[in-house]
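So you know, we letter chains A, B, ... as the sequences are listed, proteins then strands, and number each from 1. In what follows, every heavy atom counts, from backbone to side chain, and hydrogens, waters and symmetry copies are set aside. These numbers come from a predicted model, not from an experiment.
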Amino acid sequence: MADDKALTPRGQDFSSWYNEVVLRAELAEHSPVRGSMVIRPWGYTLWENMQRALDDMFKATGHQNAYFPLLIPLSFIAREAEHVEGFAKEMALVTHTRVVPDGQGGLVPDPESKLEEPLVIRPTSETIIYDAYSRWVQSYRDLPILINQWANVMRWEMRTRLFLRTAEFLWQEGHTAHATNEEAEQEAQTILGVYRTFMEEWMAMPVITGRKSDSERFPGADHTYALEALMQDNRALQAGTSHNLGQNFARQFDLKFQAESGDWEYAWNTSWGVSTRLVGGLVMTHGDDSGIVLPPKLAPVQVVITPIWKTDEQQAVVLEKAESVANVLRQENIRVHVDARENMSPGAKYYDWERKGVPLRMEIGPRDVAKQQLVLVRRVVPEGGDRKEFLSETMALSVIPERLREIQVGLLAVARRRQEANTFRLTEYGPFKKMVAERGGFYFAGWCGAVSCEDKVKEETKATIRVLPDASFRSDPPPERCLVCDGAARHEAVWARAY
RNA sequence: CGGGGCGUAGCGCAGUCCGGUAGCGCACCUGCUUUGGGAGCAGGGGGUCGCCGGUUCAAAUCCGGCCGCCCCGACCA
């Protein structure tokens, strides 16, 4: 970075900007093990706020939480052929249970403690969960099962980035079992809707929803739905997935029930998840050259109060005012923090909280106390708006909830405009190839459905089909020809280079 | 796994080419003055120079080996 104060500007090197801002906003840092990260309190509180919102929505749609174990017998993973293939190359195994000295001051696994069957650290929990469900379900009366779990999982990735791709990450995984395919399909769609609502209304991150092409489908699923967001560098981020698993796992784990007719039938499953990757998505959606920008609904601190003083007497008066104002706001359920640190100048505090993305700052100095006024400063200045507002104390207190709401919707509006400005509908391969590689963005175009066309695009541009968009996102009229081979289009597809 | 870079104080780095008492900035501690956009001055503390071995009177520096991390590519949420 240029110096220890400023961040690398996004326009200069987006990737460096991202790494720096995650570290310097104190969201997370690298741990001693490659691919693992320490999530620091500021980042974890953000995640907790996301969890709370999502968890409430899961509960409101009839789900319960449970917890299934970290370790999965290797033989379980082996049962579903596609599942094995999908995760074979990124599994961490537990093979020993004791260590012995190696004679050189170190420790090695005790050969005598080798497990008969290695245990897999879960990369996802379908197998262990459907094994349990198979014991829970006998009759159609036991269905549906609607369970979610909050857990950590491990996928031994070759290349990792804080939040976006780490070997261990935190997520939620929902796993449901239903009596009919229609019901399972409805569930997968319902969750897709829940995710979309969360991403738009809480994260202020617009998404395109749709179905994955076969090559991007979850290993073991009949089909996969996904939500894709466009980051500021015009690369797509898969922000969440919801799978209709059909009866693929039910067959392998003998998850059967007796129907009203008396016949035995395999249950229909769904699974769905979002992870701490969302934190990375939030950073790359709203962050600017000063730091991250947090939507008020998720910000660990919504209003930071920075007191300003010269003398000890002023300090006492100003701090007292700051605390009393903070308490009034707390009664309105606003998350407020008084930054009373004595060893830091007000200016330094401003930079600090701006880097950390706090939506609103309130300055209280001796002059404000005397005039019974407060100074409000927005993290992101609306176009044509004032950066600072000088308001009477009563006015300021009543206006803050309103400001927070404005900021929340403003962020979504800006992000949506950016996404729209970087979304293109093309019919010719030449211009597409050039644009998708050089400037990025979302590209809506026809697709014949052939894997060969998908592969050709990937090879030549590194772009992939992110989704076959849902009806509400599709073009009218729909594209007629395949972007790549000019054959008849069977689908409309959204192409982009992705994280 | 290929290519590149890095490992020296809590953080960021210089010093390595050309061996000779381990440095700078930030942070930290003490004191005074400060505080409305990254405070100043004075004093102070803090290091097995990634690890192991070799060469040498002498190694952060040269040689050999090993380890780790980051970045760029192939696989992935």
Side-chain angles (χ1 to χ4, degrees), chain A residues 1-6 13 15-16 18-20 23-24 26 29-37 85-91 104-106 123-124 153-173 195 212 215-219 224 226-229 236-243 271-281 290-291 306-312 314-315 318 339-355 361-369 373-375 377 387-388 390 458-459 462 464 466 498-499:
Chain A
M1 70 192 82
D3 56 72
D4 357 305
K5 285 181 177 170
D13 183 346
S15 179
S16 295
Y18 177 81
N19 289 330
E20 288 170 20
L23 294 171
R24 296 191 52 210
E26 296 181 358
E29 64 186 29
H30 295 280
S31 93
V33 176
R34 193 191 73 87
S36 329
M37 65 173 168
E85 208 186 317
F87 289 105
K89 282 181 274 183
E90 46 189 43
M91 281 195 285
Q104 293 161 42
T124 179
V153 289
M154 178 158 269
R155 298 178 187 177
W156 210 264
E157 299 290 348
M158 291 181 171
R159 232 185 102 205
T160 61
R161 296 193 70 190
L162 292 171
F163 290 112
L164 299 174
R165 181 170 297 105
T166 46
E168 180 189 3
F169 57 91
L170 307 184
W171 77 345
Q172 56 72 215
E173 47 180 326
Y195 285 160
K212 285 288 188 185
S215 53
E216 298 264 330
R217 186 170 44 84
F218 175 76
T224 288
L227 304 96
E228 296 278 334
L237 183 79
Q238 180 171 304
T241 48
S242 178
H243 317 290
S271 69
W272 29 274
V274 296
S275 72
T276 37
R277 169 180 263 197
L278 289 178
V279 175
S290 306
T306 55
I308 297 152
W309 66 77
K310 287 196 203 315
T311 64
D312 288 355
Q314 286 175 341
Q315 180 180 9
V318 161
D339 186 352
R341 286 177 288 183
E342 294 186 352
N343 58 344
M344 209 185 258
S345 69
K349 292 177 186 177
Y350 302 161
Y351 283 102
D352 196 35
W353 292 110
E354 280 165 13
R355 197 175 299 119
R361 176 174 83 236
M362 184 187 289
E363 300 172 7
I364 305 181
R367 295 206 293 270
D368 305 310
V369 177
Q373 72 168 19
L374 299 171
V375 183
V377 189
R387 180 170 164 75
K388 288 198 180 192
F390 298 84
K458 188 171 182 182
E459 231 170 82
K462 291 182 187 163
T464 50
R466 303 318 305 156
Y499 272 94

Would you measure the distance from the [atom1] atom in [N] across to the matching atom in [M] and give it in whole Å?
N     : M     : atom1 : result
B:U61 : B:U16 : C1'   : 4 Å
B:C57 : B:C11 : P     : 37 Å
B:A59 : B:U21 : C1'   : 14 Å
B:G65 : B:G23 : P     : 32 Å
B:C41 : B:G46 : P     : 23 Å
B:C49 : B:C13 : C1'   : 13 Å
B:G54 : B:A42 : C1'   : 48 Å
B:C18 : B:C28 : P     : 41 Å

**Request:** Assess whether side-chain hydrogen bond (donor to acceptor under 3.5 Å, both in side chains) is satisfied between A:Glu216 and A:Gln238, documenting all intermediate values.
**Result:** CA-CA 11 Å; A:Glu216 298 264 330; A:Gln238 180 171 304; over 6 Å; no
Rounding to an integer number of Å, can you tell me how far [X] [atom1] sits from [N] [atom2]?
X        : N     : atom1 : atom2 : result
A:Ile308 : B:G38 : CD1   : P     : 12 Å
A:Asp312 : B:U35 : CG    : C1'   : 12 Å
A:Asp352 : B:G38 : CG    : C1'   : 10 Å
A:Leu374 : B:G36 : CG    : C1'   : 14 Å
A:Leu23  : B:G12 : CG    : C1'   : 12 Å
A:Glu342 : B:C29 : CD    : P     : 12 Å
A:Met37  : B:C70 : CE    : P     : 13 Å
A:Arg341 : B:U34 : CZ    : C1'   : 17 Å

**Prompt:** Do the side-chain N or O atoms of A:Asn343 get closer than 4.0 angstrom to the phosphate oxygens (OP1, OP2) of B:U35?
**Reply:** no
Counterpart base for [N], defined by Watson-Crick or G-U wobble contacts under 3.5 Å:
N     : result
B:G19 : none
B:G2  : B:C72
B:G7  : B:C67
B:C49 : none
B:C28 : B:G44

Under 4.0 Å between any heavy atoms, over every strand shown, what does [X] touch: base, sugar-phosphate, or nothing? Just pick one.
X        : value
A:Arg361 : base
A:Val375 : base
A:Glu85  : nothing

**Prompt:** Taking atom types as modelled, is there a side-chain donor on A:Arg217 or A:Ser215 under 3.5 Å from an acceptor on the other?
**Reply:** no
**Message:** If only side-chain N and O atoms count, and only distance matters, is there a donor-acceptor pair under 3.5 Å linking A:Ser15 with A:Arg161?
**Reply:** yes
**Fill in**
Heavy-atom nearest nucleotide on RNA chain B taken for A:Trp309 and for A:Lys349; more 5' hit belongs to A:Trp309
For [Y], is there an ion pair with [X] - N to carboxylate O distance below 4.0 angstrom?
X        : Y        : value
A:Glu228 : A:Lys212 : yes
A:Glu363 : A:Lys388 : yes
A:Arg159 : A:Glu157 : no
A:Asp352 : A:Arg341 : yes

**Complete:** Counting primed atoms, P, OP1 and OP2 as sugar-phosphate and everything else as base, the B/S/- map of nucleotides 71-77 of chain B against protein heavy atoms under 4.0 Å is SSBBBBB
**Asked** Does atom CD of A:Glu29 have more than 12 heavy-atom neighbours, drawn from other residues, nucleotides or ligands, at distances under 6.0 Å?
**Response** yes
**Request:** Spell out, as yes or no, whether a donor-acceptor pair under 3.5 Å connects the side chain of A:Thr166 to the backbone of A:Glu168.
**Result:** yes
